[in-house]
Amino acid sequence: MAYSVPDLPYPFDALEPHIDAPTMKVHHDKHHATYVANINKATEGKDEKPILDLMESAIEAGPAIRNNGGGHYNHAFFWEEMAAPGDAAKTKPSAQLEELINKSFGSMDEMKAQFEARAAPGALFGSGWVWVTVNKAGDKLLLVGTPNQDNPLMKGAADEISFPILGLDVWEHAYYLRYQNRRPEYVSNWWNVVNWDKVSENCAYVIKNHAGVPVQG
């Protein structure tokens, strides 16, 4: 059984005007599909593992697993955390997530400001991702920038392994058709399609299953 590109949970034009349909189609059908094809080549003849299980040792496994396995995991994660603007506007952080945001950053606005600063070209040069993660103890959120298709689950990609609950693709192919070189505008507009119900679900899941404290509430 090979890895496969998951269907989008919404139409290609659902995220308009913030992310355009042509970008979504090329991003999903071409870029993500290429990562999947290449990770399937890299793992052909080997025991198949869930893509998540490849992440921790991906860097030491070499470029094929690191780049293509990371590309598949990151994009599959990315599609699921977004929704059409009208639907996204109806979502909000859970009490658990809101408490962690306030504890870690002071407020949602401050978290967004720090996230946007981390995603700026001067802070994350070239291609990569910016993530909100839960630390290993499960009591704090972190902001992590990773190059290329690395992610915070990979040992060696950041100061410590942590668990993503929200991630933004800042490769040029994710925004260039609409925003050209205006990455900060893309990042700022992206908040309009973040599905906070899904982010809250991610937060609850990682704290329950991966981090060091039980789910609160």
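Computed from a predicted model, the values in this text were never measured in an experiment.
Under the 6.0 Å cut-off for aromatic ring centres, His18 and Tyr186 do not qualify, their centroids lying 6.0 Å or more apart. Trp171 and Tyr176 have their aromatic ring centers separated by at least 6.0 angstrom.
One distance of note links NZ of Lys208 with CD of Gln96; it measures 11.0 Å at 0.5 Å rounding. The distance from the CG atom of Asn102 to the CE atom of Met111 is 10.0 Å, given to the nearest 0.5 Å. In this structure, the separation between OG on Ser104 and CD on Glu99 is 9.5 Å, given to the nearest 0.5 Å. Here Met82 contributes atom CE and Asn192 contributes atom CG; the two are 12.5 Å apart, rounded to the nearest 0.5 Å. How far OG1 of Thr34 is from CD1 of Ile39: 13.0 Å, rounded to the nearest 0.5 Å. In this structure, CD in Glu56 is found 10.5 Å from CD1 in Ile59, a value given to the nearest 0.5 Å.
Side-chain contact check for Glu80 versus Pro9: some heavy-atom pair is nearer than 4.5 Å. When side chains are defined from C-beta on, Tyr3 does not count as touching Asn38, because their heavy atoms never get closer than 4.5 Å. Looking at Val194 and Leu166, their side chains come closer than 4.5 Å, going by heavy atoms from C-beta outward. At least one side-chain heavy atom of Leu8 sits less than 4.5 Å from a side-chain heavy atom of Met24. Between Trp196 and Met108, the closest side-chain pair of non-hydrogen atoms falls below 4.5 Å. Ile65 has its side chain within reach of Thr43: a pair of non-hydrogen atoms, C-beta onward, lies under 4.5 Å apart. The closest side-chain heavy-atom distance from Thr133 to Ile165 is not below 4.5 Å. Taking 4.5 Å as the limit, every side-chain heavy atom of Asp87 sits out of range of all side-chain heavy atoms of Tyr10.
Contact detail for Gly126 and Arg183: the closest heavy-atom pair is O-NH2, 2.7 Å. Of all non-hydrogen atoms in Arg118 and Ala123, the two that sit nearest each other are O-CB, 3.5 Å. Closest approach of Cys203 to Leu100, counting heavy atoms only: SG-CD1, 3.7 Å. Taking both residues in full, the closest heavy atoms of Gly70 and Met55 are given as N-CE, 3.8 Å, listed atom of the first, atom of the second, then distance. Annotation for Leu97 and Val199: closest pair CD2-CG1, 3.8 Å, computed over non-hydrogen atoms. Across Gly138 and Ile207, no two heavy atoms sit closer than the pair O-CD1, 3.9 Å.
A salt bridge links Arg178 and Glu16; the closest N-O separation between the charged side-chain nitrogens and carboxylate oxygens is under 4.0 Å. Salt bridge status for Glu201 with Lys198: present, with a side-chain N to carboxylate O gap under 4.0 Å.
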Evaluate the criterion side chain to side chain contact (heavy atoms under 4.5 Å, CB included) for residue pair Asp169 and Val130; output intermediate values, then yes/no.
CA-CA 7 Å; Asp169 188 345; Val130 180; over 6 Å; no
List the steps, then state whether side chain to side chain contact (heavy atoms under 4.5 Å, CB included) holds for Val144 with Asp159.
CA-CA 9 Å; Val144 181; Asp159 292 339; over 6 Å; no
For His72 and His32: C-alpha separation, side-chain torsions, deciding distance, then whether ring-ring contact (aromatic ring centres under 6.0 Å, His included) applies.
CA-CA 6 Å; His72 178 34; His32 192 171; 5.1 Å; yes
Between Glu81 and Asn195, does the side chain to side chain donor-acceptor pair (under 3.5 Å) criterion hold? Intermediate values first, please.
CA-CA 5 Å; Glu81 68 187 13; Asn195 180 349; over 6 Å; no
Evaluate Asn135 against Phe163 for side chain to side chain contact (heavy atoms under 4.5 Å, CB included), listing each step before the verdict.
CA-CA 7 Å; Asn135 68 348; Phe163 308 102; over 6 Å; no
Side chain to side chain contact (heavy atoms under 4.5 Å, CB included) evaluation trace for Ile101 with Val132
CA-CA 10 Å; Ile101 289 171; Val132 179; over 6 Å; no
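Among the candidates Tyr175, Phe12, Tyr35, Trp79, the single residue satisfying the ring-ring contact (aromatic ring centres under 6.0 Å, His included) test with His27 is Trp79. Screening Trp129, Trp190, Trp131 against Phe115 for a ring-ring contact (aromatic ring centres under 6.0 Å, His included) leaves a single residue, Trp190.
Asn74 and Gln149 form a side-chain donor-acceptor contact under 3.5 Å, judged by distance and modelled atom types alone. Judged by distance alone, the side chains of Asp197 and Ser200 never bring a donor and an acceptor atom under 3.5 Å apart.
Lys155 contributes no side-chain N or O that, together with a main-chain N or O of Ile161, makes up a donor-acceptor pair within less than 3.5 Å.
Under the 4.5 Å side-chain heavy-atom criterion for ILVMFWY residues, no single connected hydrophobic cluster contains both Leu177 and Val187. Cluster annotation: Leu143 and Trp191 are assigned to the same hydrophobic cluster (Ile/Leu/Val/Met/Phe/Trp/Tyr, side-chain heavy-atom contacts under 4.5 Å, transitive).
Counting heavy atoms of neighbouring residues, nucleotides and ligands inside a 6.0 Å radius, atom NZ of Lys112 exceeds 12 of them. The number of heavy-atom neighbours closer than 6.0 Å to CG of Asp53, taken from other residues, nucleotides and ligands shown, is above 12.
Note on ring orientation: taking the six-membered ring where Trp is involved, the planes of His210 and Tyr205 are perpendicular (angle over 60°, cut-offs 30° and 60°).
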